[in-house]
Amino acid sequence: MSRQYVIRRILLMIPSIFGISVVLFTVLALAPGDPFSELAANPAIPPEVAAALRAKFGLDDPVWTRYYHWLIAMLHGDWGFSFASRINVETLILQRLPTTLVVIGAAQLLAIVVALPVGVLAGTRPYSIFDQIANTLAFVGFSLPTFFTGLLLILVFSVQLDWLPMVYRTDISGAGWQWYWEQFKQSIMPIAVLGLFQGASLVRYVRSAVLDVVRLDYVTTARSKGIGERSVIARHIVRTALIPVVTLVALQMPVIFGGALVTEQIFRVPGIGSLLISAMLSNDTPVVMAVTFVLSCLVVFFNFIADILYGWLDPRISYR
């Protein structure tokens, strides 16, 4: 993989991110709702005060003027001011984003750890009992919405068994291994809900990709040379079959973040998803714009990582 390709892909990300920011800002600017509607309706607030605040934040300016000021401020590290929380938007995001990335990262890792061995084994043994059981569980897994499985886990493991806390807490006291254990316990259910939902979908795609590769001539040639079945699967089947799976994982990042929004609300996880929901309910436009923009940038970044992984999985792919 050449350095020029990486630089070119990074440069191509810039217009994509710029276009996303234009679309997001325009949609939010034209959407109904006003963050100062309650302030204007309050008889205790003089109209000139409300008008001065609107002029200060440029809410009456044209959309393109507001976008220009937002873009210049963002490039200087100023992402706006939260009307609801009364603090800077970047501070809110930096407080919430690490929690979301940890939950989503762990969930995606769980999905891959579950889907790869199950999908490969089901694909190399098609129509066996294991394959039929794996397919059935996969259909059930991705058919159930995350809010249903989340409530089901709370009912079983929190209400009935009292093993795990139903609400994610940020004020856990203690230190050392006890603190890490409490953090792990309260993260089990959110990670399991997201990870198993994604894993159920990935199992089917891994199985389908393995079935396509197993029939290829070079796999038959490798077996005819006397290479062990494990080596054939690991070196010739899995590596090639992972290419469409990497594409799927990258393209499903918006679905993962969408599932995180629901999951964070169910378990009260103080992540960026719950921040977005509360900002939308309070018409806190600067926070909504910043959060959606950050999520979009993360999706673009993960697609870039997928392109890089293609060359590692299949050296035949040329990066010219």
Work out which heavy atom in F301 is nearest to a heavy atom in M13; give both atom names and the distance. CA-CE, 4.2 Å
Are F81 and I87 packed together at the side-chain level, in the sense that at least one heavy-atom pair is separated by less than 4.5 angstrom? no
Answer yes or no: is there a donor N or O on one side and an acceptor on the other, between the side chain of S128 and the main chain of R125, under 3.5 Å? yes
Same apolar cluster (I L V M F W Y, side chains within < 4.5 Å links), M189/F184: yes
Are L196 and L137 linked, directly or through intermediate hydrophobic residues, by side-chain heavy-atom contacts shorter than 4.5 Å (ILVMFWY only)? no
Can you check side-chain contact (heavy atoms from CB on, under 4.5 Å) on Y67 and T26, steps first, answer last? CA-CA 8 Å; Y67 173 77; T26 304; over 6 Å; no
Gap between atom CZ of F157 and atom CH2 of W163 - 0.5 Å precision: 6.5 Å
If you round to the nearest 0.5 Å, how far is CG of N135 from CZ of R204? 7.5 Å
Is there a donor-acceptor pair under 3.5 Å between the side chain of N88 and the backbone N or O of E90? no
May I ask you to test the L275-V288 pair for a side-chain heavy-atom distance under 4.5 Å? no
Rounded distance (nearest 0.5 Å) linking atom OG of S21 with atom CD1 of I17: 8.5 Å
Should L101 and L298 count as side-chain neighbours, where that means a heavy-atom distance under 4.5 Å? yes
Around atom OH of Y205, are there more than 12 heavy atoms from other residues, nucleotides or ligands closer than 6.0 Å? no
Test side-chain contact (heavy atoms from CB on, under 4.5 Å) on V210 and V206; report intermediate values, then the result. CA-CA 6 Å; V210 169; V206 172; 4.2 Å; yes
Nearest heavy-atom pair of W70 and W79: which atoms, and what distance? NE1-O, 4.5 Å
If you look at every heavy atom in M166 and V159, which pair is closest and at what distance? CE-CG2, 4.0 Å
Flag the pair R9 / L12 as yes when at least one side-chain heavy-atom distance between them is below 4.5 Å, and no otherwise. yes
So do F197 and T149 actually touch side chain to side chain, heavy atoms under 4.5 Å? no
Within a strict 4.5 Å, meaning less than it, do heavy atoms of the L24 and I20 side chains meet? yes
L75-V300 co-clustered via ILVMFWY side chain contacts under 4.5 Å: yes
Can a donor-acceptor pair be found, under 3.5 Å and without considering hydrogens, that links the side chain of T100 to the backbone of I272? yes
Taking the side chain from S274 and the backbone from V269, do they hold a donor-acceptor pair closer than 3.5 Å? yes
Within-4.5 Å side-chain heavy-atom neighbours: S187 and V103: no
To check you understand the geometry: which heavy-atom pair defines the closest contact between A107 and L194, and what is its length? CB-CB, 3.5 Å
Working note: F130 + V118, criterion side-chain contact (heavy atoms from CB on, under 4.5 Å); need CA distance, chi angles, decisive distance, verdict. CA-CA 9 Å; F130 178 84; V118 174; 4.2 Å; yes
With a 4.5 Å cut-off on side-chain heavy atoms, are T263 and F147 touching? no
Closest approach of P165 and S158, non-hydrogen atoms and distance? C-OG, 3.7 Å
Side-chain heavy atoms nearer than 4.5 Å, only ILVMFWY residues, links allowed to pass through others: does that put L109 and I188 together? no
Given I72, L71, T65, the one that forms side-chain contact (heavy atoms from CB on, under 4.5 Å) with Y68: I72
Kindly say whether Q198 contributes a backbone atom to a donor-acceptor pair with the side chain of S201 at under 3.5 angstrom? no
Measure the spacing between CG of L153 and CD1 of I266 and express it to the nearest 0.5 Å. 9.5 Å
Quick check: is L211 connected to L202 through a chain of hydrophobic side chains (ILVMFWY, heavy atoms under 4.5 Å apart)? no
Donor-acceptor pair, S296 side chain versus T292 backbone, under 3.5 Å? yes
CE on M289 to OG1 on T285, rounded to 0.5 Å: 10.5 Å
Find the distance between OG (S282) and CD1 (I277) and round it off to the nearest 0.5 Å. 11.0 Å
Residues I191 and L110: closest non-hydrogen pair is O-CD2, 3.9 Å
